[in-house]
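Notes for the one structure printed next.
In each ligand, atom 1 is the first atom listed, and ligand 1 is the first ligand listed.
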Amino acid sequence: MYKRQILVCSSVSPQAVDDDALAAEQLSRLADLARESGVKVAYEALAWGRHVSTYDHAWRIVEAAGHPALGTCLDSFHILSRGSDPKGIADIPGEKIFFLQLADAPLLAMDVLQWSRHYRCFPGQGGFDVAGLVRHVLRTGYDGPLSLEVFNDVFRQADAGPTAVDARRSLLVLQETVGRAPLPDPVVPTGVAFAELVTPDAEPLTALLGSLGFTRTARHRGKPVTLWEQGEARILVNTGPAVRRDGTQLAAIGLESPDPAAAARRAEALLAPVLPRRRAPEDAPLDAVAAPDGTELFFCATGRPGLPDWRADFEDTGPAPDPSGIRRIDHLALTQPWHHFDEAALFHRGVLGLHAQESVDVADPYGLLRSRAVTNADGSVRIALTVGAAPTDETVQAQHIALATDDVVAAACRFREAGGRLLPVPANYYDDLAARFEFADGELETYRDLGILYDRDAHGVFRHCYTRTIGRVFFELVQRDDGYRGYGAANAPVRLAAQHAVRGLTGG
Ligand code: MG
Ligand code: MG
């Protein structure tokens, strides 16, 4: 009988009167008027309402009014931003919940109005348990729409098309989480099969890989792509027409997948663009999708029985690589376009089944960076997603490949002896380290000499150093001991400042 509904928020006026009976009476009169026009009224508590700021208070007023054309509107942001317990939703009859608005948000300590206006994001992209709230609402028998009410500074400026895809992916993951619409199961990647770099000029890149101890082991049969290996670390160097105008960059990641075809089906169900197989008919089939930043993700297998091996497209050119130095790729760091950061975290979590860690802020000479890592359970896949405040700057847009070693001092020495140049680290960094940690005799001097950075968390120790940057890409050597879980975020401002200084000196 109702053709439409209107939402009425709790008053924010400083002149508002704190009188629930009066509010109920006035809402009743409004509902009378609305009903004459076939309209019903949903009353919603704003988190910053003058006197009514919680959902249970709004419901008490609606219940007291007892009008058939008056119900309540629940908004996940208003409920969860105030820390209200959504369990109380069970006390509201489903037919009196007229509307449900959903938004997530990063967990921030700030004024709730500004938080709402600038930081709302799609469910699954922030820190709220939106799915838990939706479960409470569905249990009441509510059968209306799950609507999205999201305001933030990014969406106001971004293209509507990709934002709509992001929104729909968020709802699909949410429906799956609350058990309403099954998707193909996630196939969590079990390792990094390869990282593919495209470059207009292979010479500096292959010289750098050589200094790092990589050996060119194979060449693609049909394309200008070479395979460089060391331990389980594999780098593809592509000089073909796929090369983009802006120089050397990380273009693709091969993810070791227990079931590549099923991984691709899940990705497709979650609206990831499936890429054409850029391969000749005789080549091994490769399932690939595009991540929001355009990075190509290949679902593939390396030497596993029963699955096509992506290396079948390559022919050997060199000896087996020396397994003594680099063991594998520890992590990949991808800078995201400013409007894709939240989308990227949801994509990697939803599509790939990776776990998203909390965001951290990192000070950069150009502004503030936000960084968020996505990982699998055993840490064999780690991807750090970063977004910068100065999107046109090259340093901010840098990508890196971190290579795991059991002895970073030895690896750094070998690299230097092979003609490699490590990023010089300012001397006062080591004065600061000496004040913060205990070191064995000579240990700190070794780090200072090589440019090795040091961090420690509740689990273990992290030592790491960096190569110079080629195009957008640099490499990191990392030694992760005793279950250290981070990425050296405490050292990132030092690294970024050092890279800034090198750019200033070389003008490049
Ligand atoms: Mg709302
Ligand atoms: Mg790193």
Are Arg480 and Tyr487 in a cation-pi contact, defined as NZ or CZ under 6.0 Å from the six-membered ring centre and within 45° of the axis? yes
Measure the acute angle between the ring planes of Phe298 and Phe194, then classify it against the limits of 30° and 60° as parallel, tilted or perpendicular. tilted
Tell me whether Arg485 at atom CZ has more than 12 heavy atoms from other residues, nucleotides or ligands lying less than 6.0 Å away. no
Where the Mg ion (ligand 1) is the vertex, angle from Asp75 OD2 to Glu149 OE1 to 10°: 80°
Find out whether the Lys NZ or Arg CZ of Arg495 is both under 6.0 angstrom from the six-membered ring centre of Tyr466 and within 45° of the ring's axis. yes
If you stand at the Mg ion (ligand 1) and look out to OE2 of Glu44 and OE1 of Gln101, what angle do those two lines make, to 10°? 90°
Of Arg328, Arg327, Arg234, the one forming a salt bridge (charged side-chain N to carboxylate O under 4.0 Å, His left out) with Glu229 is Arg234
Listing by chain and number, what protein N/O/S atoms are under 2.8 Å from the Mg ion (ligand 2)? His331 NE2, His400 NE2, Glu476 OE1
When Tyr430, Tyr447, Tyr454 are each screened for ring-ring contact (aromatic ring centres under 6.0 Å, His included) with Phe437, the one that passes is Tyr454
side-chain contact (heavy atoms from CB on, under 4.5 Å), that's the test. Do Val461 and Asp455 meet it? Break it down for me. CA-CA 6 Å; Val461 171; Asp455 191 31; over 6 Å; no
